[in-house]
Amino acid sequence: MVAAGACAALPAMPGAARAQPVSRGEPVTASVSMSVNGENRTLQLDTRTTLLDALREHLHLTGTKKGCDHGQCGACTVIVDGQRINSCLTLAIMNQGVQVTTIEGLGTVDDLHPMQEAFVKHDGFQCGYCTPGQICSSVAVLDEIKAGIPSHVTADLTAPMAVSEAEIRERLSGNICRCGAYSNIVAAVSDVAGRQG
Ligand code: FES
Ligand code: FES
């Protein structure tokens, strides 16, 4: 009753028109070029296409997985210009000219990357859905530690950085494994770190 009365008291807006449906038109597309696993690729993409969808749907590199599509699980992790990113959180067009490495670019079935070998050796996966993201992230984690980039659990910012279990767990905390293979993943990353010296 009150609402109806309040509405009735509102003066009519002169010249007010009903909202017109927004014309959606054709999607805006753009040419996007980047190096993917060492190969130059150019795609004509809807500008709203994420890097993840460009890789999976347009380049058919389905090793990179879509988990949450919201930056919360890490399944879509790839390495862009040496740094790991969630490819679901960046538009392809924002990555003009970059170098992307996906799980397909790290190693091959006959010539696995040391991190891939270590995941196999330590049984660092069960269903395998999170594994490409875990491996890309793990490769980047070791590079981050080698470069002396501290994390939340780094106690001494002036001492040489060590690859501890705490560092690995903290740095991989954005990569969720629903199978709970975490302890074996840590073992795999520690193994590779030990071999790198
Ligand atoms: Fe990108 Fe989950 S799919 S973070
Ligand atoms: Fe299944 Fe990680 S191995 S989600």
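Atoms within each ligand, like the ligands themselves, are counted from 1 in listed order. Start at 1 with the first residue, then count along the sequence.
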Against heavy atoms of Gly128, which atoms of ligand 2 measure under 4.0 Å? 1 (Fe), 3 (S)
Pairing of Arg169 and Glu165 as salt bridge, 4.0 angstrom limit: yes
Distance to 0.1 Å, residue and atom name: give those for the protein heavy atom nearest to atom 4 (S) of ligand 2. Arg178 N, 3.3 Å
What protein heavy atom lies closest to atom 3 (S) of ligand 2? Include the residue and the distance to one decimal. Gln126 N, 3.1 Å
Short side-chain to backbone donor-acceptor contact, Gln126 and Ala181, under 3.5 Å: no
Verify whether one side chain among Ser137 and Arg84 offers a donor that lies under 3.5 Å from an acceptor in the other. yes
Confirm or rule out an N/O/S atom of Cys177, from backbone or side chain, lying less than 2.8 Å from atom 1 (Fe) of ligand 2. no
Checking contacts here: is it the side chain or the backbone of Ala181 that comes within 4.0 Å of ligand 2, counting heavy atoms only? Could be both or neither. neither
Could you check whether any side-chain N or O of Asp123 sits under 3.5 Å from a backbone N or O of Phe119, counting only pairs where one atom can act as donor and the other as acceptor? no
Using a strict cut-off of 2.8 Å, how many protein N/O/S atoms surround atom 2 (Fe) of ligand 1? 2
Given the rule in the side-chain contact (heavy atoms from CB on, under 4.5 Å) test, do Arg171 and Ile145 qualify, once you have shown the distances and angles that lead to the verdict? CA-CA 10 Å; Arg171 289 168 194 264; Ile145 296 176; 3.5 Å; yes
Main-chain N/O of Lys66 paired with Tyr129 side-chain donor or acceptor, under 3.5 Å: yes
Under a 3.5 Å threshold, yes or no: a donor from one side chain and an acceptor from the other, between Asn37 and Thr102? yes
Closer than 4.0 Å to some heavy atom of Cys179 - which atoms of ligand 2 meet that? 1 (Fe), 3 (S), 4 (S)
Would you find a donor on one side and an acceptor on the other, under 3.5 Å apart, between the side chain of Gln99 and the backbone of Asp81? no
I'd like to know: is atom 2 (Fe) of ligand 2 within the 2.8 Å range of an N/O/S atom from Cys130, strictly under that distance? yes
Quick one: does Asn175's side chain have a donor or acceptor within less than 3.5 Å of a partner on Gly133's backbone? yes
